[in-house]
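Numbered from 1 within each chain, the chains take letters A, B, ... in sequence-line order.
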Amino acid sequence: MSAGKNTAAPTGGNDSHKPSNFIKNIIDEDLKNGKNDSRVHTRFPPEPNGYLHIGHAKSICLNFGLAQEYNGLCNLRFDDTNPVKEEDEYVNAIIEDVKWLGFDWQERLYFASDYFEKMYEFAIELIKKGKAYVEDLNAEEIRQYRGTLTKPGKASPSRNRNIAENLDLFERMRKGEFPDGAKVLRAKIDMSSGNMNMRDPVMYRILHASHHRTGDKWAIYPMYDWAHGLEDSIESITHSICTLEFEDHRPLYDWFLDNLEDVHHPRQIEFARLNLTYTVMSKRKLLRLVAEKHVSGWDDPRMPTIAGMRRRGIPPAAIRDFCNRIGVAKADSMVDRAMFDSCIREELNKKAQRVMVVLDPVKVVITNYPEDKVEDLPAENNPEDENAGSRMLPFSREIYIEREDFREEAPKKFFRMVPGREVRLKHAYYVKCTDFVKDETGEITEIHYEYDPATRGGWSDDGRKVKGTLHWVSAMHALDIEVRLYDHLFSKENPDDSRDETDFIEYLNPKSLVALKNCKAEPGLRECKQGERFQFLRKGYFCSDNLDFTAGKPVFNRIVALRDTWKKMQQK
RNA sequence: UGGGGCGUCGCCAAGUUGGCAAGGCACAGGAUUUUGGUUCCUGCAUUCGGAGGUUCGAGUCCUCCCGCCUCAGCCA
């Protein structure tokens, strides 16, 4: 029994779940030891060669989140050291995505390419110290000399070239005197190291390529290992957070910074990247889905890209909440998509206006309701938010209900409409099914109800109880809309499994997109604009599409379905 | 008989200087409910990859073993 030291900390706030993690422990320790003048300064360093996905969101939330928590700063920095892969289109998309996620780097938008000159100077420093040399061997030869995982490498003939010659050659590399691949600059470290990264790694390669920012100014471009630590150092980063595969690059990260005079030396920390069930996360695979047209583009609502999630209608707050909940650790993991869905529902339950939409309509005639009568019934907009107000709903003799809400004969526990039974039409009346009509194929074409005028608003105070409550839409007022139901992109939990020989494309879920073109919505939805989120009562959360939605042809995407215990019961 | 990591409930994940296993998701019951939604109760690891050892006491320390991930781009 714990004493009442329960400090306010409401659990409702979406950004409030912030479990402890090993990175915070490291930062706490560093702070305690007075490192970095008690500063915390992180960065999110994407390469502008593709679109951001939920895995990047984890890193973004981590880096910006840490900065917020420790009253520090977080930079947005483009790691644009490879001109042949990088484009402005990507930097713009990335900027938009990070902003949309809700983070602010203020004026600290940086580019690695802005540091090329400084990096060049640092390289000269290393050459002068005899710690870097120009290599004549070609790529294939370098590989030969490097050895293997179990065999040490051997020294290249270029390794003991004198400093003056190295300086001269490196300068001529910069001037563009040599063709691509003719030479590289290498760090002189240890050709027999157990860590392959330390076997004289390449620092610069010759690339006569036009860079998206520096144009044709450079003929040589720095490699990641050489560049990244310098970028961090120049920006006075305190904690350089990256993913696990860079763990064995850390000795090199440290070596470069240790062998330069008077440079700030950040601490690199590695964490496990995010994997999510029923999707793939690698840039290569995502690119293939787009290139082979398995999806409509990078922003297809089924894609795990930020752009895709935005178009799907997933609120940024839900993504942030998710990233906080999954935590940060070093163990490889695969997070259940259900956890993400839960975060999305939690956010939307509080915020989304309720609206009635019949996805699979069947006509109902209320036989004792006057032919030409129409009445407006009030309906609350969100029972979870008393400030959400209410709206008026037109009710008339003919309405639509969901086909699945009627059965000729009731299975066990089915408490929707069956002949003879009384149910409630949400916000309207109690109705009793008196009859139904079938066509020659046996399909039900029309259902007859009788309503009880005394139950206006959907309530009776005579103690009478109804078990079921159905959503409906007045036929003559209904707005025709298209609804796109999205489901997992893949039908296999881990389509990415490296031990599986099957091409991941084979696991694509054929039902990941089901378009319903004949849905009936309450008339208020006529006022809807692009990108608005709703709860379609009893069905799920939906968002008007950002691209295909027009007033003449309203299109809604299903963000996520509501929890459905009835469906669950049936499946058992 | 190369280097670097990781292994706590079905899935994530906390576990201060060893003191006797948080929380979330999922799942299962039940209550409330004009959404079979929400909310609310309740249950859900005598056990921390395994085996030994140190200790009054170990998920936390030591030893050995097992499993998984990762590195041989002039990609990041």
Side-chain angles (χ1 to χ4, degrees), chain A residues 11 17 19-21 25 45-47 49 79 81-82 84-86 135 137-139 142-143 146-153 180-186 192-199 201-207 220-221 223-225 227-228 242-251 270 272 274 277 283 324-343 345-346 349-350 354 356 379-380 383-384 413-416 424-428 430 455 457-459 466-471 493 498 535-540 562-569:
Chain A
T11 49
H17 313 263
S20 154
N21 64 53
N25 294 343
E47 183 191 11
N49 72 339
D79 204 359
T81 56
N82 185 358
V84 311
K85 289 186 170 180
E86 296 149 6
E135 174 66 83
L137 260 32
N138 65 34
I142 288 179
R143 191 178 322 138
R146 186 154 33 220
T148 69
L149 292 178
T150 49
K151 284 194 207 76
D180 287 5
K183 296 190 185 322
V184 292
L185 182 72
R186 289 230 254 176
S192 62
S193 171
N195 182 343
M196 299 296 276
N197 295 300
M198 301 301 269
R199 320 245 263 227
V202 172
M203 294 165 63
Y204 278 95
R205 74 285 215 188
I206 298 171
L207 243 33
I220 56 173
Y221 290 90
M223 297 288 290
Y224 169 86
D225 287 305
H228 205 87
C242 60
T243 43
L244 247 31
E245 68 271 27
F246 292 102
E247 201 150 24
D248 42 18
H249 291 238
R250 186 171 5 114
E270 314 82 15
L274 169 67
T277 55
K283 268 183 192 173
N324 289 153
R325 283 202 219 184
I326 57 177
V328 181
K330 295 191 73 163
D332 294 313
S333 65
M334 166 85 62
V335 177
D336 193 338
R337 165 78 201 201
M339 193 175 333
F340 188 31
D341 289 342
S342 169
C343 295
R345 289 195 193 100
E346 185 174 315
N349 178 49
K350 294 180 303 194
R354 273 57 169 173
M356 292 205 282
E380 63 181 345
E384 303 301 316
K413 297 274 194 143
F414 181 85
F415 41 82
R416 275 110 103 143
R424 168 168 42 235
L425 292 178
K426 177 91 177 172
H427 303 308
Y430 283 12
T455 57
W459 184 248
V466 292
K467 209 63 187 290
T469 299
L470 310 185
H471 61 283
E493 270 205 7
S498 57
Q535 183 193 107
F536 288 1
L537 223 68
R538 302 210 300 138
K539 285 293 161 191
L562 247 30
R563 219 172 247 115
D564 191 345
T565 56
W566 165 240
K567 187 171 159 195
K568 210 175 282 170
M569 283 165 67

Which part of the nucleic acid, if any, lies within contact of [X], taking any heavy atom under 4.0 Å across all strands shown: a base, the sugar-phosphate backbone alone, or nothing?
X: A/Glu270; answer: nothing
X: A/Phe415; answer: base
X: A/Met198; answer: nothing
X: A/Lys539; answer: nothing
X: A/Val84; answer: nothing
X: A/Tyr430; answer: nothing
X: A/Lys426; answer: base

Flag side-chain contact, heavy atom, 4.5 Å: [X] against [Y]:
X: A/Leu537; Y: A/Gln535; value: yes
X: A/Asn82; Y: A/Arg205; value: yes
X: A/Pro251; Y: A/Met198; value: yes
X: A/His228; Y: A/His249; value: no
X: A/Glu380; Y: A/Arg354; value: no
X: A/Glu47; Y: A/Tyr224; value: no
X: A/Arg424; Y: A/Trp459; value: yes

With rounding to whole Å, what would you report as the distance between [N] and [M] at their [atom1] atoms?
N: B/G19; M: B/G37; atom1: P; value: 43 Å
N: B/C9; M: B/A26; atom1: C1'; value: 11 Å
N: B/A28; M: B/U70; atom1: C1'; value: 39 Å
N: B/C69; M: B/A76; atom1: P; value: 26 Å
N: B/G4; M: B/C65; atom1: P; value: 16 Å
N: B/C48; M: B/U60; atom1: C1'; value: 10 Å
N: B/C12; M: B/C71; atom1: C1'; value: 27 Å
N: B/G53; M: B/A13; atom1: P; value: 32 Å

Kindly say whether A/Asn195 contributes a backbone atom to a donor-acceptor pair with the side chain of A/Ser193 at under 3.5 angstrom?
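At least one qualifying donor-acceptor pair exists.
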Are the side chain of A/Thr277 and the backbone of A/Arg337 linked by a donor-acceptor contact shorter than 3.5 Å?
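Side chain of A/Thr277 to backbone of A/Arg337, a donor-acceptor pair under 3.5 Å: yes, one is there.
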[N] pairs with which nucleotide, Watson-Crick or G-U wobble, both distances below 3.5 Å?
N: B/G67; result: B/C6
N: B/C74; result: none
N: B/C27; result: B/G43

Calculate the interatomic distance between [X] atom [atom1] and [N] atom [atom2]; express it in whole Å.
X: A/Asp341; N: B/G24; atom1: CG; atom2: C1'; result: 15 Å
X: A/Glu380; N: B/G37; atom1: CD; atom2: P; result: 16 Å
X: A/Lys330; N: B/A14; atom1: NZ; atom2: P; result: 13 Å
X: A/Glu346; N: B/A26; atom1: CD; atom2: P; result: 10 Å
X: A/Lys568; N: B/C25; atom1: NZ; atom2: C1'; result: 12 Å
X: A/Lys151; N: B/G3; atom1: NZ; atom2: P; result: 15 Å
X: A/Ile326; N: B/G24; atom1: CD1; atom2: C1'; result: 12 Å
X: A/Arg416; N: B/G37; atom1: CZ; atom2: P; result: 11 Å

Strictly under 3.5 Å: I want the nitrogen or oxygen pairs between protein and nucleotides 18-23 of chain B, one per line.
none

Does A/Arg538 make a side-chain N or O approach to OP1 or OP2 of B/G36 shorter than 4.0 Å?
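Yes, because at least one side-chain N or O of A/Arg538 sits under 4.0 Å from OP1 or OP2 of B/G36.
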Below 4.0 angstrom from OP1 or OP2 of B/G24, is there any side-chain N or O of A/Ser342?
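Answer no for this pair, as no side-chain N or O of A/Ser342 is under 4.0 Å from OP1 or OP2.
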In terms of side-chain heavy atoms of [X], which of [options] is nearest?
X: A/Met339; options: B/C11, B/A14, B/G7; value: B/C11
X: A/Glu247; options: B/G37, B/G5, B/G15; value: B/G5
X: A/Arg345; options: B/U35, B/G15, B/A26; value: B/A26
X: A/Ser333; options: B/C12, B/A26, B/G37; value: B/C12

Would A/Glu247 and A/Lys330 count as a side-chain contact (heavy atoms from CB on, under 4.5 Å) here? Give the steps.
CA-CA 10 Å; A/Glu247 201 150 24; A/Lys330 295 191 73 163; 2.4 Å; yes
Which nucleotides of nucleotides 69-76 of chain B have their base under 4.0 Å from a protein heavy atom (B), which only their sugar-phosphate (S), and which neither (-), written as one string 5' to 3'?
S-BBSBSB
Would A/Val184 and A/Ile142 count as a side-chain contact (heavy atoms from CB on, under 4.5 Å) if you check the C-alpha gap in whole Å, the side-chain angles of each, and the deciding distance to 0.1 Å?
CA-CA 10 Å; A/Val184 292; A/Ile142 288 179; 3.9 Å; yes
Suppose we screen for ring-ring contact (aromatic ring centres under 6.0 Å, His included). Which residues come up paired with A/Phe536, at least two apart in sequence or across chains?
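Checked A/Phe536 against ring-ring contact (aromatic ring centres under 6.0 Å, His included); matches are A/Phe542, A/Phe556.
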Does atom NZ of A/Lys283 have more than 12 heavy-atom neighbours, drawn from other residues, nucleotides or ligands, at distances under 6.0 Å?
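Yes, NZ of A/Lys283 has more than 12 neighbouring heavy atoms, counting only those of other groups under 6.0 Å.
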Test for a donor-acceptor pair under 3.5 Å between the base of B/U39 and the side chain of A/Glu384, counting only N and O atoms.
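There is none.
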State the syn/anti category of B/G73 according to its glycosidic angle, syn meaning within 90° of 0.
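What B/G73 shows is a syn base, its glycosidic angle lying within 90° of 0.
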By nearest heavy atom, map A/Ala272 and A/Trp566 onto RNA chain B; which one lands nearer the 5' end?
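This one resolves to A/Ala272.
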By nearest heavy atom, map A/Thr150 and A/Thr455 onto RNA chain B; which one lands nearer the 5' end?
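The residue mapped nearer the 5' terminus is A/Thr150.
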